[in-house]
Amino acid sequence: MSDANALLEFEDVHQSYGEEKVLRGIDFEMERGDVEVVIGPSGSGKSTMLRCVNRLTEIDSGTIYLDGDPVTTPETDVNALRRRVGMVFQDFNLFAHRTALGNVTLGLREVLGHSKEEARAEAMSQLERVGLANQADSYPAELSGGQKQRVGIARALAMDPELMLFDEPTSALDPELIGEVLRVMRDLADDGMTMLCVTHEMGFAQEAASTISFLDEGSVVERGPPEQLFEAPEHERTGEFLERLTSLHGGQHG
Amino acid sequence: MSAETADEPGGSATTRGTVGVELSRRPLFYAVLGPFWAWLVVRWVYDWVVVPGTNVTSRETFFPTQPFVSAGEVLRETAAPPPLAGLLDWFAGGLDFIAFGIEALPQLAAGAWVTIVLTVVSILAGLVLAVPLSVARVYGNRVTRYPALAATELIRGTPLLAQLFVLYFGLGLTQYVRVIPGVGVGVLPDTAVMVALIGFTINSAAYQSEYIRSALLSVDSGQLTAGRAIGLSKVEAIRHVVLPQGLRFAIPGWSNELVYLIKYSSLASFITVRELFFRAEAIGNDTYLYVQIYTVAALFYIALVVSASAFMSYVEDRVAIPGLGTKGRR
C-alpha cells in the first residue's frame, strides 16, 4: 500500500465533474524535499490534481496519502490536513480586506491560536523571507502582482506546512514580475521544502525540479528527472509539448 | 497581459474622509443640522433631567412665540395699497406658522426621540438577525437555506402595517412585554414601543438579509477558498474573510434601509406608539392646522434622513479599505 518514505502518494486517483472525467487513475509519489513540477496542456487535470491533495476538490476513487496517512477518507480532519499543506493560487486570492501582514497573521491567530504578538513576529519573519517586510502595512490593492503572490507564499509558509502546492503561481503575472516570484520559490526549494508545482516556467523546472510529470487527459503520460524529459522524452507527445512550451516560456526569467 | 498592469505598487489609495474635511466642504449643511441636533439634545436632557415628569403638552418652549405673533399683528394692521397688503398678509401668515411651529416643538422633540429609538434599535437588532439569515441563504445547505428563504419572503411579501397589527392586536404581545422589568420606566420605551421594535426588527432583518446576501455574492469565491486552504473551517472563513468584505459592500444598501426605516417607523403610530408622526397628528387633531403641523413634521423627517445619510457616508469612509467596495475604489 503506502510507501513508508513517500511524503505524498497518489494511488489510482480518479476524479470527475459530473460526466466529465478529469483524473483517470493518477499514481505517483514524491519524497520529502522533492520538487515536483507538473506540466500539461490546459484541461489535462493539473490544477484538479493539486486541489485533491488538500481536498478543495473531492476525488471519486483511489487514495491520497500524506506522510503515510490516508487523507481522502471520510474520517480525515480536513482542516487539520490543510494546516499541513500550504497552497499558492494563480489569482493570489489575498484577503482583500487585510494588509499584507494581516493576510499572514490570520491563519496564525485563528488556526494555530498564536497570541497577537507571536503571530505578528512570525508573520514579519515570513514577510522578510519573501522580501516584503517593508510592505507589511499595504493592502493587496496597493501591491503589484508579484508582491501579492509573494505575500500569498508567505501566508502559506506561516502555517509551517510539510508540503507546498503551487497552482500556476506566475500565470497571472506580467512578464517582468515573474522573476521575483520564481526567486522566492527557488529559495524555498533550496531550503528543502517539498513542493508540488503546476507551472510552465521551464527555467524553474530545469533548475529546481527533482522530477517533472507530464499530464495529459487526466493521466501521467511521462515522469522523470528534467534532463530526461527535456533531452530524451520517451513519448512523442511529451517532446512536442515541451518544445512548444520552451519556445514560449524559455528560461529567460531564471 | 493581465489585469495587474493597472496596479502601481505601493501607491497610497487612502480615501478615508474625516469629519473636518466634510465640514469645510458642506458648511451650509452643517450650519442647519448642527443647531438642530444641539437643540434636540438640549431639549431631551431638559425634559428628562431638569423637569422630569412634566406633561409634554405643558412643557415650556425654548423660544418665545410672542414676538412672532405681535409682528404678525402689526403687519396685518398696517394700511397699504392692495398688492402690498396681500404680500404683508402673506408674511403675517408665515410668522403665525413660525409661532405655531415653536409651540409644537417640545411635542415633536419627544416624538423624534421615539422615532430615533425605533429606527436605531431595529436596524441594529435587524442586522444581528440578518447576518446569519443571509449566510444561511448563501452558504447554507438545504436545511438552512429554505427556512431562511421562506422567512425572508414571508416578511418581505406582507405589509409592514399588517405585521405590526398581528403582533400588537393578533398575538397580543403587550401582555408579555408589559411584565419585562424596566419597560416604560423613565425614558425607556413603553410597551407599545417594545412591540413596534420587535416588528421593525423582524421586518428590517428580512430586508437587510437581502442586501447582505447580494453583497456576500459579490465577494470573490477565491476568498473563501483561500481561507479554507489555510485551515479555517467554513464558518471561520465566512466570519474572518467573507463577512468583513461583504458587510462593507452592503453599506450603501444598508444606508438605504436606514432611511426607509426612519420613515416607516411612522406606521408605529397605528399601534399607539407616540412617535413623531403620532404627535404631529395629535396636534393636528387639536388645532385643525394639519398642513402646518405636517409641514413641521416633514422638516423633522428630512433632518433625520439627511443626518442618517451623512452618518452612513462617514461610516463608509471610516471603514474603507483600498481596492474594496465603492469608497475604497480609486
Side-chain angles (χ1 to χ4, degrees), chain A residues 51 54-57 77-99 102-104 106-112 134-135 137-149 152 155-156 158-159 161 165 167 170-178, chain B residues 1-16 212 215-251 315-330:
Chain A
R51 294 168 68 94
N54 65 352
R55 304 265 302 259
L56 289 177
T57 298
D77 178 350
V78 179
N79 297 328
L81 163 68
R82 288 173 182 156
R83 259 170 258 165
R84 299 167 64 189
V85 181
M87 188 166 206
V88 175
F89 301 90
Q90 177 175 353
D91 302 323
F92 327 124
N93 288 349
L94 290 191
F95 305 133
H97 64 300
R98 296 177 76 101
T99 60
N103 264 273
V104 185
L106 183 62
L108 292 166
R109 297 274 290 133
E110 300 302 330
V111 179
L112 300 182
N134 59 338
Q135 295 285 358
D137 295 325
S138 300
Y139 284 97
E142 300 169 330
L143 298 171
S144 74
Q147 290 172 327
K148 281 184 210 176
Q149 195 55 293
R155 174 174 71 182
M159 308 303 289
L165 306 173
D167 188 3
T170 57
S171 299
L173 294 176
D174 283 341
E176 75 269 21
L177 302 175
I178 291 175
Chain B
M1 179 166 178
S2 79
E4 298 311 315
T5 359
D7 286 357
E8 296 300 328
S12 83
T14 327
T15 49
R16 283 170 213 206
I212 297 170
L216 289 179
L217 289 173
S218 67
V219 175
D220 184 62
S221 66
Q223 295 284 317
L224 183 64
T225 308
R228 306 234 44 200
I230 58 170
L232 293 171
S233 69
K234 192 170 178 181
V235 172
E236 288 171 334
I238 288 169
R239 176 171 158 225
H240 294 292
V241 178
V242 178
L243 276 177
Q245 298 181 39
L247 289 180
R248 282 182 170 86
F249 292 144
I251 291 176
V315 168
E316 200 176 354
D317 278 345
R318 275 305 297 267
V319 303
I321 281 175
L324 203 70
T326 48
K327 292 272 175 144
R329 201 171 288 146
R330 9 181 186 159

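These values consider heavy atoms only, across backbone and side chains, with no hydrogens, waters or symmetry-generated copies. First the proteins, then the strands, lettered A, B, ... as listed; each starts at 1.
- Listed for the B:Q223 side chain is a donor-acceptor partner under 3.5 Å among the backbone atoms of A:L94.
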Side chain to side chain contact (heavy atoms under 4.5 Å, CB included) assessment of B:T225 paired with A:F89: CA-CA 10 Å; B:T225 308; A:F89 301 90; 3.9 Å; yes
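- From B:I230, atom CD1 reaches atom CZ of A:F95 across 4.0 Å, with rounding to the nearest 0.5 Å.
- Qualifying salt bridge (charged side-chain N to carboxylate O under 4.0 Å, His left out) partners for B:R228, counting only residues two or more places apart in sequence or in other chains: none.
- Side-chain atoms of A:H97 come within 3.5 Å of backbone N or O of B:H240 as a donor-acceptor pair.
- Under the 4.5 Å side-chain criterion, counting only non-hydrogen atoms from C-beta, A:L106 is in contact with B:V241.
- Taking each heavy atom of A:A96 and B:I321 in turn, the nearest pair found is O-CG2, 3.7 Å.
- Residue-environment remark: CZ (A:R84) exceeds the threshold of 12 foreign heavy atoms within 6.0 Å.
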Evaluation steps, side chain to side chain contact (heavy atoms under 4.5 Å, CB included), between B:L232 and A:E110: CA-CA 7 Å; B:L232 293 171; A:E110 300 302 330; 3.6 Å; yes
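- Heavy-atom distances place the side chain of A:R51, and not its backbone, under 4.5 Å from chain B.
- For chain B, no part of A:V78 is nearby; none of its heavy atoms comes within less than 4.5 Å.
- Heavy atoms of A:N54 lying under 4.5 Å from chain B belong exclusively to its side chain.
- When all heavy atoms of A:A141 and B:G323 are compared, the closest pair comes out as CB-CA, 3.5 Å.
- A donor-acceptor distance shorter than 3.5 angstrom exists from the side chain of A:N93 to the backbone of B:G222, with no hydrogens or angles considered.
- The minimum heavy-atom distance linking B:P322 with A:E142 is given by the pair CG-OE2, 3.3 Å.
- Residues passing the side chain to side chain donor-acceptor pair (under 3.5 Å) test with A:R55 are A:E58, sequence neighbours excluded.
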